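Every heavy atom of this structure was used, including side-chain atoms; hydrogens, water molecules and symmetry mates were not. Given the structure is predicted, the values throughout are model-derived calculations rather than measurements. Chain naming here is simple, since letters A, B, ... match the order of the sequence lines and numbering starts at 1 in each.
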Amino acid sequence: MAENFSIEATDEGDLTTVALGGYLDAHTAPEFEATLQERIDAGRVRIVVDCGALEYISSAGLGVFMGFIEDLRDAGGDLKISGLIPKVREVFELLGFDALFEIYDDRAAAAGSFASAAAG
Amino acid sequence: MAENFSIEATDEGDLTTVALGGYLDAHTAPEFEATLQERIDAGRVRIVVDCGALEYISSAGLGVFMGFIEDLRDAGGDLKISGLIPKVREVFELLGFDALFEIYDDRAAAAGSFASAAAG
Amino acid sequence: MDVLEQTFTLHVPSSTKNLVMIRDFVNRVAEQAGLEESNRSKIELAVDEACCNVIEHAYGNDVSKEITVRATFDGDAVRISVIDSGAGFAPDEVPQEELRELIRQRRTGGLGMRLIKTLMDEVRYEIEPGRRNELHMVKKVRQG
Amino acid sequence: MDVLEQTFTLHVPSSTKNLVMIRDFVNRVAEQAGLEESNRSKIELAVDEACCNVIEHAYGNDVSKEITVRATFDGDAVRISVIDSGAGFAPDEVPQEELRELIRQRRTGGLGMRLIKTLMDEVRYEIEPGRRNELHMVKKVRQG
Ligand SMILES: Nc1ncnc2c1ncn2[C@@H]1O[C@H](COP(=O)(O)OP(=O)(O)O)[C@@H](O)[C@H]1O
Ligand SMILES: Nc1ncnc2c1ncn2[C@@H]1O[C@H](COP(=O)(O)OP(=O)(O)O)[C@@H](O)[C@H]1O
C-alpha cells in the first residue's frame with residue numbers, strides 16, 4: 001500500500017517543509033511520526049507540513065501533529081499546516097485543531113509567517 | 001454507479017461512433033446494448049466503438065459486440081473497434097476477438113477503414 | 001422511500017494494512033445507499049476510527065484476530081456495525097479530554113471516539129467481553 | 001516465503017450493482033498478496049465472471065440472495081472462492097462453443113467459464129445444489 005501515502009521532507013535555511021500525499025491513517029502515521037522525529041532530532045524546529053496532496057486523514061494522523069507541537073513551541077519553533085483540501089480541513093476543524101494550530105492556504109504563506117515572526 | 005460508465009453515440013455521415021468510458025460489465029452492458037440497438041434500428045450499420053476511455057471489460061460487455069456483428073455485416077455494414085488500452089485489449093485477445101473483429105489503434109483509423117472500403 | 005433493506009459484510013484480519021479495504025467497502029455501500037460525498041466521507045472516517053480502536057485496543061495488534069464490518073441500508077439510513085471478539089471495555093468510563101489538554105500531555109491519541117460521535121447520527125456500544133463487542137453507528141440518508 | 005495465511009470475506013446481495021465493490025475487494029486482497037497489476041487484473045476479471053454467473057444463473061437475478069467471496073493468501077498463492085446457495089449445475093456438462101459459433105448464433109453469452117479457466121491457474125467447482133456451491137480459483141503468486 002506504499003503507493004497510497006507519500007512523504008517528502010526538505011530543509012531550506014532554518015525551515016523544514018514536510019509534504020504529505022495520499023492517505024494519512026493509522027497505517028501510515030508512523031512514517032510521518034518517524035520523519036518528523038528525525039528532523040527534530042537534527043535540531044529543526046521550524047516546520048511547515050504541506051498537506052496539498054493529502055486526500056485523507058484520520059485521528060492517527062492528527063495525533064502526530066498533537067504529539068510534537070508543544071515541544072516544538074517550547075524550543076522556540078512551531079509546526080504550521082498548509083494546503084488542506086476542504087474534506088481534510090473539515091476533520092481538523094471538527095476537532096478544534098484550527099484554534100490551536102496555525103493553518104495557511106499554501107506552503108509559501110506558512111513559510112512566510114515564520115520569516116515575519118523572526119523579523120518582528 | 002452511473003459515474004463508473006459513460007457512453008456517447010455520434011452520427012456523422014453514414015458513420016456512427018460510440019465512445020465508451022469507465023467499466024463495461026454486466027451492470028453497464030445493457031446500456032451499451034440499448035444504445036447500439038437504437039442506432040441500428042435507425043438504420044445505422046457502419047459503427048465504430050471507440051474504447052479509448054474504457055478501463056475495464058468483462059464478458060458481459062464482449063457479449064454485446066458478439067450479438068450485433070453478424071446482423072451488421074449481413075446488412076452491408078460492420079462494427080469496428082478502436083483505442084483499446086493494453087489491459088482491455090488483452091481480454092479481447094484472450095477470447096480470440098482480434099481474429100473476428102477489426103481492431104484499430106484509434107477512432108480515425110477505424111473510420112478511415114470504412115471510407116476506403118466504400119471507395120474500393 | 002421503499003427500498004429493500006440490503007446487507008453487506010466484510011471480514012478482514014485485524015491489521016491497519018486493511019484500513020484501505022475497509023474504507024473502500026464503506027464508501028461503496030454508502031454510494032449505493034445514495035449518500036452524497038460529504039456524508040460518505042463522514043461514515044468512512046467513523047468506521048476507520050472504530051476499526052483502529054479494535055485493532056489497537058480490543059486485539060492489541062494481533063493480526064490473527066478478525067474484524068467484522070457489517071453495513072445495511074434502506075431508504076432512511078445507513079447502519080454500520082464494527083464487531084470484535086476482544087477484551088471489551090466500558091465506553092462510558094473513557095475520559096474525554098479537551099484537545100488543549102491532550103496536546104499539553106504530548107498525547108498522540110484520544111480523539112477517535114469523539115470523532116465517531118461527532119460524525120455519526122447515532123452511536124451505541126454493545127459489549128460482551130471476549131465474545132462479541134459491537135459498535136453500532138447510524139447515518140441518516142436525508143438530514144433535516 | 002513465510003507469510004501467515006490471511007483470510008478476507010465479503011458478503012453482498014446478489015446484484016450486478018455490487019460487482020464494482022467485489023472487484024475493489026479482490027483487487028485490494030491481491031495487492032496485499034503482492035501480485036503485480038497484470039495478475040491482479042486477471043483475478044479481478046475471473047471473480048467478476050464467477051459472480052455474474054451466480055447472480056444470473058444460480059440466483060436468477062434475485063437480489064434477496066447473498067453472494068460470498070472468500071479470499072486467502074500466503075506466500076505462494078491467492079485462493080478465491082465464490083460461494084452461493086443456489087440451484088447448482090453440472091459444470092462439466094456445459095458445452096463450450098467456439099467464439100465463431102457463438103457469433104453465428106447471435107449469442108451474447110457463453111464466454112464466462114472459458115475466461116475463468118484461462119485467467120486462473122486452478123479452477124474447481126464443488127456443487128451441493130440448493131445448499132452450498134463453491135467455485136474455487138487459485139492464482140500463484142510467483143509464476144515460473
Ligand atoms: N474497541 C475497543 N476495545 C477496547 N477499548 C477501547 C475500544 N475503543 C476504545 N477503547 C478505549 O477507549 C480509549 C479512547 O479511545 P479513542 O477516543 O478512540 O482514542 P485512542 O484510541 O486514540 O486512545 C482508548 O484508549 C481505549 O482505552
Ligand atoms: N454458478 C452457476 N450456477 C448455475 N449455472 C451456471 C453457473 N455458472 C455457469 N452456469 C451455466 O453455465 C453456462 C455457461 O456459463 P458461462 O460460460 O459463464 O456463460 P454465460 O454465463 O454467459 O452463459 C451458463 O449459461 C449456465 O447455464
TODO: Using non-hydrogen atoms and a 4.5 Å limit, figure out which bit of I55(D) sits close to chain B: side chain, backbone, both or neither.
DONE: neither

- [ ] I would like to know whether F97(B) and L111(D) meet side-chain contact (heavy atoms from CB on, under 4.5 Å); could you show each step before the answer?
- [x] CA-CA 11 Å; F97(B) 274 68; L111(D) 298 172; 3.9 Å; yes

- [ ] With a 4.5 angstrom heavy-atom cut-off, could you sort out which part of R104(D) is near chain B: side chain, backbone, both or neither?
- [x] both

- [ ] Find the distance between CD (E44(D)) and OG (S58(B)) and round it off to the nearest 0.5 Å.
- [x] 10.0 Å

Task: Atom group of L95(B) that falls short of 4.5 Å from chain D, counting heavy atoms - done: both

Task: Working for side-chain contact (heavy atoms from CB on, under 4.5 Å), residues I103(D) and F68(B) - done: CA-CA 8 Å; I103(D) 285 179; F68(B) 288 114; over 6 Å; no

- [ ] Under 4.5 Å heavy-atom distance to chain D, tell me which part of Y56(B) shows up: side chain, backbone, both or neither.
- [x] side chain

Task: Value rounded to 0.5 Å, distance of CD1 in I22(D) from CG in D25(B) - done: 10.0 Å

Open item on the list: Does D62(D) have more than 12 heavy atoms from other residues, nucleotides or ligands lying within 6.0 Å of its CG?
Closed with: yes

- [ ] List the atom of L115(D), the atom of S59(B), and the distance in Å for their closest heavy-atom pair.
- [x] CD2-CB, 4.0 Å

Task: Salt bridge E37(D)-K87(B), side-chain N to carboxylate O under 4.0 Å - done: no

- [ ] Taking atom CZ of R107(D) as the centre, report whether more than 12 heavy atoms of other residues, nucleotides or ligands fall under 6.0 Å from it.
- [x] yes

TODO: State the CG-CG distance between L62(B) and L99(D), to the nearest 0.5 angstrom.
DONE: 9.0 Å

Task: chain B contact via E98(D) - which portion, at a heavy-atom distance below 4.5 Å - done: neither

TODO: Give a yes or no on whether R73(B) atom CZ has more than 12 heavy-atom contacts from other residues, nucleotides or ligands under 6.0 Å away.
DONE: yes

Open item on the list: Only pairs of heavy atoms separated by less than 4.5 Å count here; which of T16(D), L45(D), L19(D) has the most with chain B?
Closed with: T16(D)

Task: Shortest non-hydrogen contact from G109(D) toward M66(B) - done: O-CE, 3.6 Å

- [ ] Identify whether the distance between the nearest side-chain nitrogen and carboxylate oxygen of R106(D) and E70(B) falls below 4.0 Å.
- [x] yes

